[in-house]
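Since the structure comes first, as structure tokens, the remarks are kept for the end.
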Amino acid sequence: ETGVTQTPRHLVMGMTNKKSLKCEQHLGHNAMYWYKQSAKKPLELMFVYSLEERVENNSVPSRFSPECPNSSHLFLHLHTLQPEDSALYLCASSQVRTGPDEQFFGPGTRLTVL
Amino acid sequence: SQQGEEDPQALSIQEGENATMNCSYKTSINNLQWYRQNSGRGLVHLILIRSNEREKHSGRLRVTLDTSKKSSSLLITASRAADTASYFCAPRGSQGNLIFGKGTKLSVKP
């Protein structure tokens, strides 16, 4: 176990649903990340939070809304998604954002949008 | 771009053989990291090599870094079926985020 947990592990939703993905890290890290991994594409960085402040938003559509209420928790709120949003969503954390250290990943949420 | 590009895209070997994966990148780096991902799971950090290091070992893993050629290699010795996974390199600049490539998919047949 890497100390980063994600729930749910699997999620199926319709295009009109609203759901949230949750990430929790137990490592005392100050930076947290959301990534999207689609089939046959590189891992895409979506959002970066450092000390609970969003420091990067990589041109992600507004139907994805992140929230970081404290340094241990990160949410990704989903609404009116499209079928092409089906992917594995990975959360990660690191000690600091700009340091040289490694990132620790959660197991991911497999999202299917019908 | 800092993105690492792994080569080959897929590699199939027999148990006990060595597996070598390569990574190339385009800009200067602070360090380069290798990660492993089992099918449909999160990534696991394997090893980090700093820009002033040329070689690093960790168990059956050996990583080399050639900053003049902007390339790195990951060698897994005496491979096992459990090594079957995708392997990603992630070059990291002094300020930037980790940017992952498409990975090398390794299959180790028993």
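Throughout, a chain's letter reflects where its sequence line sits, starting with A, and its residues are numbered from 1. Here the structure is a predicted model, which is why all the values come from computation and not from measurement.
- B:Tyr35 is listed as a side-chain neighbour of A:Glu102, based on a closest heavy-atom distance under 4.5 Å.
- Proximity of A:Asp101 to B:Leu48: side-chain heavy atoms (C-beta onward) are nowhere separated by under 4.5 Å.
- Contact annotation for A:Leu45: only side-chain heavy atoms (C-beta onward) come within less than 4.5 Å of a heavy atom of chain B.
- In terms of hydrophobic clustering, with Ile, Leu, Val, Met, Phe, Trp and Tyr side chains grouped at heavy-atom distances under 4.5 Å, A:Leu76 and A:Val48 are assigned to different clusters.
- Within 6.0 Å of CD on B:Gln14 lie more than 12 heavy atoms contributed by other residues, nucleotides or ligands.
- Below 4.5 Å, heavy atoms of chain A meet heavy atoms from B:Phe88, all part of residues 80-89 of chain B.
- When the shell of 6.0 Å around NZ of B:Lys102 is examined, it contains 12 or fewer heavy atoms from other residues, nucleotides or ligands.
- Smallest separation of non-hydrogen atoms from A:Phe105 and B:Leu43: CB-O, 3.2 Å.
- Neither B:Leu75 nor B:Leu11 shares a network with the other; the hydrophobic side chains, linked directly or stepwise wherever heavy atoms of I, L, V, M, F, W or Y lie under 4.5 Å apart, form separate groups for each.
- Under the 4.5 Å side-chain heavy-atom criterion for ILVMFWY residues, no single connected hydrophobic cluster contains both A:Tyr49 and A:Leu51.
- With contacts defined as side-chain heavy-atom distances shorter than 4.5 Å, the pair A:Arg9/B:Arg41 qualifies.
- Note: A:Tyr33 OH to B:Leu98 CG = 7.0 Å, rounded to the nearest 0.5 Å.
- When all heavy atoms are compared, the tightest approach of B:Gly40 to A:Arg110 is CA-NH2, 3.9 Å.
- Using modelled atom types and a 3.5 Å distance limit, the side chains of A:Gln37 and B:Gln37 yield a donor-acceptor pair.
- No single ILVMFWY cluster, assembled from side-chain heavy atoms under 4.5 Å apart, contains both A:Met46 and A:Val4.
- Counting non-hydrogen atoms of other residues, nucleotides and ligands closer than 6.0 Å to CD of B:Gln9 gives a total of 12 or fewer.
- Note on A:Val60 and A:Val113: same hydrophobic cluster, where clusters join Ile, Leu, Val, Met, Phe, Trp and Tyr whose side-chain heavy atoms are under 4.5 Å apart, directly or indirectly.
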